[in-house]
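The chains referred to below are lettered A, B, ... by the order of the sequence lines, with proteins before strands, and numbering in each begins at 1.
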Amino acid sequence: MQALYIHNTLTRKKELFKPINPEVVGMYVCGPTLYSDVHIGNCRTFTSFDIMYRYLQHIGYKVRYVRNITDVGHLEDEVAGTGEDRIGKQARLKKLEPMEIVQRYAFGFREVMGLLNILPPSIEPLASGHIIEQIEMTQQIIAQGYAYVHEGNVYFDVEKFAQKHNYGILSGRNLEDQLNNTRDLDGQEEKRGRLDFALWKKAKPEHLMRWNSPWGEGFPGWHIECSAMSQKYLGQTFDIHGGGMDLIPTHHTNEIAQSVGCCTHAPVNYWIHTNMLTLNGQKMSRSLGNVFLPVELFTGMKLAANSPSATPSQALLAEKHPLFDKAYNPMVVRFFMMQTHYASTLDFSNDALQASEKGFNRLMESYNTLYKITPEKTSSFDIKKIQEDCYAAMNDDFNTPVLISHLFECARIINLVNDKKETLTEPDIDLLKKIYQNFIEGIMGITREEQSGKSAEALNGVMNLVLNLRKKAKDNKDYATSDEIRNKLQDAGIQIKDGKEGAAWAML
RNA sequence: GGUCCUGUGGCCGAGUGGCUAGGCUCAGCUCUGCAAAAGCUGCUACUGCGGUUCGAAUCCGCACGGGACCUCCA
């Protein structure tokens, strides 16, 4: 087993990863709230944890990866306790059942995850399917004395909790600072303390999603579902809990409080937080309105105002997207994301994407070349060392940018060998194939585009014919014809690449 | 206002106190009927000012710039 170091938010340090059970890892990641379409910032988080999931498995762990779907109880104004359930609001506006909204966004979410080749988690629990567990946990917290009931609502008593436990252990903030940084908020009178948060909310008459509980009809608070579901599937203490770093001060802080308040011990050993995706240096978030959608990035087009859905397979597109010069393949997007470490902000721009795309294509081209090079008796490179470097990069808190730099070193070697400027033995070539398979495909999750099927075969045949005709023209020094073929194909979206051993072609 | 993070070459982006990350751009070269593509080579940067140190992009202080959180957010 590799010695893996992970940056733990709890300690703000890189720590050697030691799972509770030596062979099994329990990992929980906060998934989406299905009140609108998943945006590209969300995708970054899930991509980052996908890499970790893949790598943990690659180095030999059995991983139970739980990523929830929140489909209830998410208030628009959690602290004030006003506002209505987001999903319920969407449903009313669109005259749909709440579960219709959830179904639609869940479908779109999974499709986007699939396009980005993000593996499905082992368990994807719905909050609405775990109301009983959430009620039971709330009861336990009340029994422990850390929650109180007020007219059908149940609130967590943060100040009482803080007398015995460190409430700000994750965020590093002390309670007094948080209490003093008060802003004027409405609807606070039901709570005893400013930082108290709802475990259970009484449903107003117009509220659509409601369940019976010991405190009357209502719905669970935002934070309790993660505590209840992680405990159910991973146990009272598990190895890794992840999410976006914007969840640290409220959601994850309250999750810890709930679990400790319920069971008296810390729920998670390693907290991992991914940084935000920015657009022109500003965080992409729904509240700022600067989000763009995966389908827009993948097509280079803007979603039509009347599109019934933003799910890539169903979206109606309008004009060219002002932010992008072109469409970007989901694999390029994945690669682009991995060129930045998960804990750094990632700034989206057309220039940066294009730079990534070129590098990506070059790397993938070297993958094809790797299968064409011929072995020699000696090697002029130390391939084993590069493999070790690749593992070292991943073991150092999943450092994918450094991993990628080593892969580009491989690409350079492959090209040099292909040019007969350097040599590799057969075992070294096989080792390179293994490195590419393991790291590019297995761990980075990048799939090679393989053209197959009847139409691809037919196109191949046609192109071979065209290239032969062009070669004949060139042999006859009929450059007018050969250039015409080249230019017309270019217009049709096919690029001719003349090489030493004949011409190749590629779709633009 | 409070708490915290951050500032790297034309651009993006890694960097564990000493050993030129990497990608893109650009330049030169190879290849080529021309071009494109591809490949090779080159381009030694760390916001400013102090300090610690034999030595600092890396540690400390101050200043300035950027950002996050404190309110739903991945």
Side-chain angles (χ1 to χ4, degrees), chain A residues 5 12 14 29-33 35-36 38-49 74-80 83 86 168 171-174 176-178 180-183 185 195 222 242-251 273-278 281-288 291 335-336 339-341 343-349 351-363 365-366 369 389 393 396 399-409 411-412 414-416 418-419 421 474 477-479 482-483 486-487 490 495-500 503-506:
Chain A
Y5 285 80
R12 290 162 195 81
K14 273 185 207 170
V29 171
C30 289
T33 301
Y35 61 90
S36 70
V38 63
H39 65 67
I40 207 73
N42 306 129
C43 292
R44 193 222 179 172
T45 297
F46 302 131
T47 303
S48 297
F49 286 106
H74 211 147
L75 295 178
E76 284 193 310
D77 194 347
E78 191 73 31
V79 162
R86 286 183 178 224
S171 66
R173 290 191 183 142
N174 67 54
E176 280 178 19
D177 282 349
Q178 289 186 75
N180 291 337
N181 282 318
T182 306
R183 292 191 182 187
L185 295 164
L195 295 172
W222 172 35
M245 59 171 272
D246 51 350
L247 298 179
I248 294 171
T250 308
H251 184 56
H273 288 97
T274 57
N275 213 319
M276 298 293 102
L277 186 142
T278 61
Q282 230 193 359
K283 176 186 169 187
M284 178 177 294
S285 75
R286 296 191 237 241
S287 47
L288 290 171
V291 301
F335 183 77
F336 170 68
Q339 279 192 301
T340 302
H341 189 255
S344 299
T345 54
L346 168 63
D347 197 47
F348 247 74
S349 70
D351 287 349
L353 273 164
Q354 258 174 24
S356 257
E357 183 179 53
K358 287 188 183 175
F360 174 82
N361 288 337
R362 199 163 69 80
L363 184 65
E365 196 56 47
S366 75
T369 309
D389 289 344
D396 184 14
N399 197 327
T400 49
V402 170
L403 168 66
I404 288 172
S405 77
H406 297 312
L407 294 174
F408 274 111
E409 173 69 7
R412 199 177 66 86
I414 291 166
N415 289 329
L416 282 167
N418 190 45
D419 285 357
K421 288 173 181 162
K474 282 176 73 168
K477 299 207 191 296
D478 178 8
Y479 296 123
S482 71
D483 288 355
R486 184 173 72 196
N487 296 337
Q490 180 92 18
Q495 184 181 47
I496 300 281
K497 300 174 176 185
D498 283 326
K500 238 177 186 171
W505 60 278

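One can place CG of A:Leu346 at 14 Å from P of B:A68, the figure rounded to the nearest angstrom. Rounded to an integer number of Å, the gap from A:Asp347 CG to B:G7 P is 15 Å. Summarising the geometry, the separation between CD1 on A:Ile248 and P on B:U71 is reported as 15 Å, rounded to the nearest angstrom. Nucleotide B:G39 holds its P atom 10 Å from the CZ atom of A:Phe408, rounded to whole Å. As rounded to whole Å, 16 Å separates atom P of B:C5 from atom NE2 of A:His273. In this entry the distance linking NZ of A:Lys14 with C1' of B:U16 reads 7 Å, nearest Å. At whole-Å resolution of the value, CE in A:Met245 and P in B:C69 are 7 Å apart. Protein atom CG of A:Asn174 is 15 Å distant from nucleotide atom C1' of B:C69, rounded to whole Å.
In A:Tyr5, the OH atom is not crowded: 12 or fewer heavy atoms of neighbouring residues, nucleotides or ligands sit closer than 6.0 Å.
Comparing atom distances between the A:Leu277 side chain and each of B:A74, B:C34, B:A68 picks out B:A74 as nearest. Nearest nucleotide to the A:Asp498 side chain, out of B:A74, B:A35, B:U3: B:A35. The nucleotide whose nearest atom lies closest to any side-chain atom of A:Val402 is, among B:G23, B:A74, B:A14, B:A14. The side chain of A:Arg173 approaches B:C69 more closely than any other nucleotide in the set B:A14, B:G39, B:C69. You'll find that the side chain of A:His341 is closest to B:G15, out of B:C12, B:G15, B:G39. You'll find that the side chain of A:Asp246 is closest to B:A74, out of B:G23, B:G13, B:A74. Checked against B:G22, B:U41, B:C69, the side chain of A:Arg412 finds its nearest nucleotide in B:U41. Of the candidate nucleotides B:A74, B:U3, B:U25, B:A74 has the atom lying nearest to any side-chain atom of A:Thr33.
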Inset, instruction - Dump the intermediate steps for side-chain contact (heavy atoms from CB on, under 4.5 Å) on A:Lys14 and A:Asp396, then the final yes or no. - result: CA-CA 8 Å; A:Lys14 273 185 207 170; A:Asp396 184 14; 2.8 Å; yes
Legend entry - Check against side-chain contact (heavy atoms from CB on, under 4.5 Å), A:Leu416 and A:Arg412: CA-CA 6 Å; A:Leu416 282 167; A:Arg412 199 177 66 86; 3.6 Å; yes
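With hydrogens and angles left out, the side chain of A:Ser405 and the base of B:G23 share no donor-acceptor pair within 3.5 Å. For A:Arg362 against B:A38, no side-chain N or O and base N or O form a donor-acceptor pair under 3.5 Å. Looking at A:Asp483, its side chain comes within 3.5 Å of the base of B:G33 through a donor and an acceptor atom. Applying the 3.5 Å distance criterion, the base of B:C4 shares no donor-acceptor pair with the side chain of A:Arg12.
The residue A:Pro249 sits close only to the backbone: its heavy atoms come under 4.0 Å of sugar-phosphate atoms, none of a base. Here A:Gly243 lies in heavy-atom contact (under 4.0 Å) with sugar-phosphate atoms only. If you check every strand for non-hydrogen atoms under 4.0 Å, A:Thr274 touches nothing. If you check every strand for non-hydrogen atoms under 4.0 Å, A:Ile496 touches a base.
For B:G39, the paired nucleotide is B:C29, the pair qualifying as Watson-Crick or G-U wobble because both relevant distances are below 3.5 Å. The base-pairing partner of B:C69, taking Watson-Crick or G-U wobble contacts with both distances under 3.5 Å, is B:G2. Shown here, B:G55 forms no base pair; nothing in the strands shown gives a Watson-Crick or G-U wobble contact with both key distances under 3.5 Å. Pairing partner, B:C64: B:G7, with both Watson-Crick or wobble hydrogen-bond distances short of 3.5 Å. As the counterpart of B:G22, B:C12 is assigned, both hydrogen-bonding distances of the Watson-Crick or G-U wobble pattern falling under 3.5 Å.
Centre separation under 5.5 Å together with a plane angle under 30° holds for the ring of A:Tyr479 and the six-membered base ring of B:G33, marking them as stacked.
Nucleotides B:G66 and B:A57 place their P atoms 25 Å apart, quoted to the nearest Å. Across B:G2 and B:C62, the matching P atoms stand 14 Å from one another, rounded to whole Å. To the nearest whole angstrom, the two P atoms, one in B:A36 and one in B:G28, are 12 Å apart. Distance noted for atom C1' between B:G9 and B:A14: 14 Å (whole Å). Nucleotides B:U6 and B:U16, compared at atom P, are 11 Å apart to the nearest Å. Taking atom P in both B:G15 and B:C59, the straight-line distance is 12 Å, to the nearest Å. Separating the C1' atom of B:G50 from that of B:G18 is a span of 22 Å, rounded to the nearest Å. Of the C1' atoms belonging to B:C69 and B:G48, the separation is 28 Å, rounded to the nearest Å.
Side-chain contact between A:Thr274 and A:Arg44: absent, with no pair of heavy atoms (C-beta onward) separated by less than 4.5 Å. Between A:Pro32 and A:Asn42, the closest side-chain pair of non-hydrogen atoms is not below 4.5 Å.
Regarding contacts with the backbone of B:A14, a side-chain N or O of A:Ser344 is found under 4.0 angstrom from either OP1 or OP2. For the pair A:Asn275 and B:A68, the criterion of a side-chain N or O lying under 4.0 Å from OP1 or OP2 is not met. One finds a side-chain N or O of A:Asn415 lying less than 4.0 angstrom from the OP1 or OP2 phosphate oxygen of B:G39.
Of all heavy-atom pairs between A:His341 and A:Asn399, the closest is CD2-CA, 3.8 Å. Taking each heavy atom of A:Met284 and A:Gly41 in turn, the nearest pair found is SD-N, 3.9 Å. The shortest non-hydrogen separation linking A:Ser366 to A:Ala411 is OG-CB, 3.5 Å. Of all non-hydrogen atoms in A:Cys43 and A:Val38, the two that sit nearest each other are SG-CG2, 4.2 Å.
Of the two residues contacting RNA chain B, namely A:Asn361 and A:His251, the nearest-nucleotide position lying further toward the 5' end is that of A:Asn361. Toward the 5′ end of RNA chain B lies the nearest nucleotide of A:Lys358, the other residue of the pair A:Lys358 and A:Lys283 mapping further downstream.
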